[in-house]
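Notes follow once the structure below has been shown.
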Amino acid sequence: MTTHTDTIISARRLSKRFIVKKAPVDAVVGLDLEVERGELVAFLGPNGAGKSTSLRMLTTLIPPTSGQARVAGHDIRRDPAEVRRRIGYIGQGNSASQYQRVRDELLSQGAFYGLGRGATRRRADELIESLDLGSFAKRPVQGLSGGQKRRVDIALGLIHGPELLFLDEPSTGLDPQSRANLWEHILRLREEYGTTIFLTTHYLDEADQLAERVMVMDEGRMIADDTAAGLKRTLAGDRIVLTLDDAADAADAVACARAAGASRAVAEGRTVTCTVDEADAALLGLLRELDGRGIRVSRATLHQPTLDDVFLALTGRSLRESGAAAEHAIGQTTEPAKAEAAR
Ligand SMILES: Nc1ncnc2c1ncn2[C@@H]1O[C@H](COP(=O)(O)OP(=O)(O)OP(=O)(O)O)[C@@H](O)[C@H]1O
C-alpha cells in the first residue's frame, strides 16, 4: 500500500491562464494529480491540451495562475529552487549546445548544478555508459542524429541525480527505431536509478505499452487517469464489426446486437459496429442470433480497443485526428485481432 510519503508529485486545482491579445486562454484548468515515487506516468492528449503547460508549472518554469503543487517534497511557489535541485526537465527543444562536445557538455551541466569536479566526471561517465553515448562522447553535439541528441538531452537532465525526471515529448520526431532505442535507454535508467518519470506524449502506442499510468488531458482538463488496460476496459470495450450481405438488414442487425447485450451498436451502409464487454464470447451468440433471423453476414472482425478508442469515448473525437497526434501516431494496434467469415 502506498503511503503519503511515497507521493512525489501532488497538485491541487492547478490552473494556468494566459492572456493572448487581451483574451484569456485557459491552458490548464483545475488540475488535480498525484504521482507516487518510482512511477512511470504518461500525459496523453492532442495539441494544445495543456500538457506542456502543466509540466512547465510542475517544474517551476512558469507560475500557476491559481492552485498549488508539491513536487519532490517542496512547494512549487514557495521553494522553486529546492524543487529544481531535485528534478530533471527535458523540454521539447534540444537543450544541448550545438558546438560543445558531448562529454564537455555534461561536465558544464554538472558545474551548473554545483557538483564537484570529481563527482561530475564520475556521473558523466556513468551516464555516457548507461545511455550508450561512448562512441560519440568526444564529438560536437551538432553532428549527432536526432535520437543521439535526445539521449544526450536525457543525460543532461540526469547529471545531478534527480529523483524525478520530466520529459516533454521525448520521442517526437524520431523514427520508430530511434524511438524504440530511446525507450530501451529510458527504461534501463529507471531500473538502475529508480527515477520517477513523468512524460508527455502524442504517441498512443508509447503511452499504452510503456507507461504504468496514463493521464489523458483535453482542453486544459484531465479527463481520465488509470492504467492503459483499465481505461480501455472501462471506457472503450471490445468491438465487433460485421459486414452484412444486404444493407437493408442493417437496422435489424443493430436491434439484434443490442438485444444480445451490445452497449452500443451502429450501422453505416452494410457495416454494423457493436461495442461489447468480451468480443470473443459475444461473437458466436450474435452470429447465431443473426442467422436465426435470416440476416446474412459475409465478414466479422474483432477489435481490441486502443487508447484512441478511449479518447473517442471520452470526447467524441479521435485523438489521431486532433492535431499533430494524427501525424505522430504510428504502429497503432487497431488491426482486427481476429477475422473470420461467418458463412
Ligand atoms: N506562453 C504562452 N502564451 C500564450 N498561450 C500559451 C502559451 N503557452 C501555451 N499556450 C496555450 O495554452 C494552450 C495549451 O498549450 P500546451 O503547449 O500546454 O499544450 P500541449 O498539450 O502541450 O500541446 P502540444 O502537444 O502541441 O505540445 C494552447 O492553447 C496554447 O496555445
Side-chain angles (χ1 to χ4, degrees), residues 39-42 44-45 201 203-216 218 222-322 325-326 329-343:
E39 269 194 294
L40 199 170
V41 175
L44 184 70
T201 184
Y203 294 112
L204 300 161
D205 56 336
E206 196 163 278
D208 197 345
Q209 288 159 31
L210 299 158
E212 289 156 353
R213 192 143 64 95
V214 180
M215 298 179 178
V216 185
D218 188 38
M222 173 123 76
I223 55 172
D225 173 4
D226 199 349
T227 59
L231 289 173
K232 288 189 274 189
R233 196 174 47 245
T234 53
L235 292 164
D238 292 355
R239 269 178 305 140
I240 296 173
V241 179
L242 305 171
T243 307
L244 308 180
D245 276 4
D246 188 349
D249 289 332
D252 277 351
V254 164
C256 187
R258 289 197 182 130
S263 55
R264 188 170 171 270
V266 288
E268 202 183 324
R270 293 196 301 131
T271 306
V272 174
T273 305
C274 327
T275 306
V276 295
D277 272 350
E278 279 182 46
D280 283 341
L283 181 65
L284 269 181
L286 180 57
L287 291 177
R288 263 193 226 112
E289 193 67 28
L290 291 167
D291 194 30
R293 295 191 191 197
I295 299 173
R296 296 175 66 89
V297 178
S298 52
R299 190 162 186 258
T301 53
L302 306 189
H303 296 249
Q304 304 293 337
T306 65
L307 286 178
D308 194 38
D309 297 321
V310 169
F311 192 77
L312 189 68
L314 286 164
T315 67
R317 288 178 287 126
S318 162
L319 186 53
R320 286 196 250 164
E321 281 147 19
S322 304
I330 47 176
Q332 296 303 303
T333 50
T334 45
E335 289 311 305
K338 198 200 274 180
E340 50 188 277
R343 282 177 175 257

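It should be emphasised that the depicted structure is a prediction, and the values quoted were computed from it without experimental measurement. For the single chain, residues carry numbers from 1 onward in sequence order. In what follows, every heavy atom counts, from backbone to side chain, and hydrogens, waters and symmetry copies are set aside.
Interatomic distance, Ile240 CD1 to Leu283 CG, rounded to the nearest 0.5 Å: 5.0 Å. Going from atom CE of Met222 over to atom CE of Met215 covers 4.5 Å, rounded to the nearest 0.5 Å. Between the OG1 atom in Thr271 and the CZ atom in Arg299 there is a gap of 9.5 Å [rounded to 0.5 Å].
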Passes side chain to side chain contact (heavy atoms under 4.5 Å, CB included), Leu242 versus Leu286? Steps please. CA-CA 10 Å; Leu242 305 171; Leu286 180 57; 4.1 Å; yes
From CA spacing to verdict: side chain to side chain contact (heavy atoms under 4.5 Å, CB included), Leu302, Asp238: CA-CA 7 Å; Leu302 306 189; Asp238 292 355; over 6 Å; no
I'd like to know whether Glu268 forms a side chain to side chain contact (heavy atoms under 4.5 Å, CB included) with Thr273, so could you lay out the CA-CA distance, the side-chain angles of the two residues, the decisive distance to 0.1 Å, and finally the verdict. CA-CA 8 Å; Glu268 202 183 324; Thr273 305; over 6 Å; no
Begin with the C-alpha distance, continue with both residues' side-chain angles, and end with the deciding distance and a verdict on salt bridge (Lys or Arg N to Asp or Glu O under 4.0 Å) for Asp226 and Arg233. CA-CA 10 Å; Asp226 199 349; Arg233 196 174 47 245; 5.5 Å; no
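Summarising the local packing, CZ of Arg293 is surrounded by more than 12 heavy atoms from other residues, nucleotides or ligands at distances under 6.0 Å. Within a 6.0 Å radius of CG in Asp277, no more than 12 heavy atoms belonging to other residues, nucleotides or ligands are found.
Thr301 has its side chain out of reach of Thr243: every pair of non-hydrogen atoms, C-beta onward, lies at least 4.5 Å apart. At a threshold of 4.5 Å between non-hydrogen side-chain atoms, the residues Thr306 and Phe311 do not count as touching. No side-chain heavy atom of Leu319 sits less than 4.5 Å from a side-chain heavy atom of Leu307. Counting heavy atoms from C-beta outward, Asp218 and Arg317 have side chains that approach closer than 4.5 Å.
Contact detail for Leu314 and Ala224: the closest heavy-atom pair is CD1-CB, 3.8 Å. The nearest pair of heavy atoms linking Arg239 to Thr275 is CG-OG1, 3.9 Å. Contact between Leu44 and Ala207 at its shortest, heavy atoms only, is CD1-CB, 4.1 Å. Minimum interatomic distance between Leu312 and Ser318 (heavy atoms only, all atoms of both residues): CD1-N, 3.7 Å. Pairing each heavy atom of Arg296 with each of Asp249, the nearest pair is N-OD2, 4.3 Å. Shown here for Asp245 and Arg270, the closest heavy-atom pair between the two residues is O-CD, 3.6 Å.
Note on Asp225 versus Arg213: salt bridge recorded, some NZ/NE/NH1/NH2 to OD/OE distance being below 4.0 Å.
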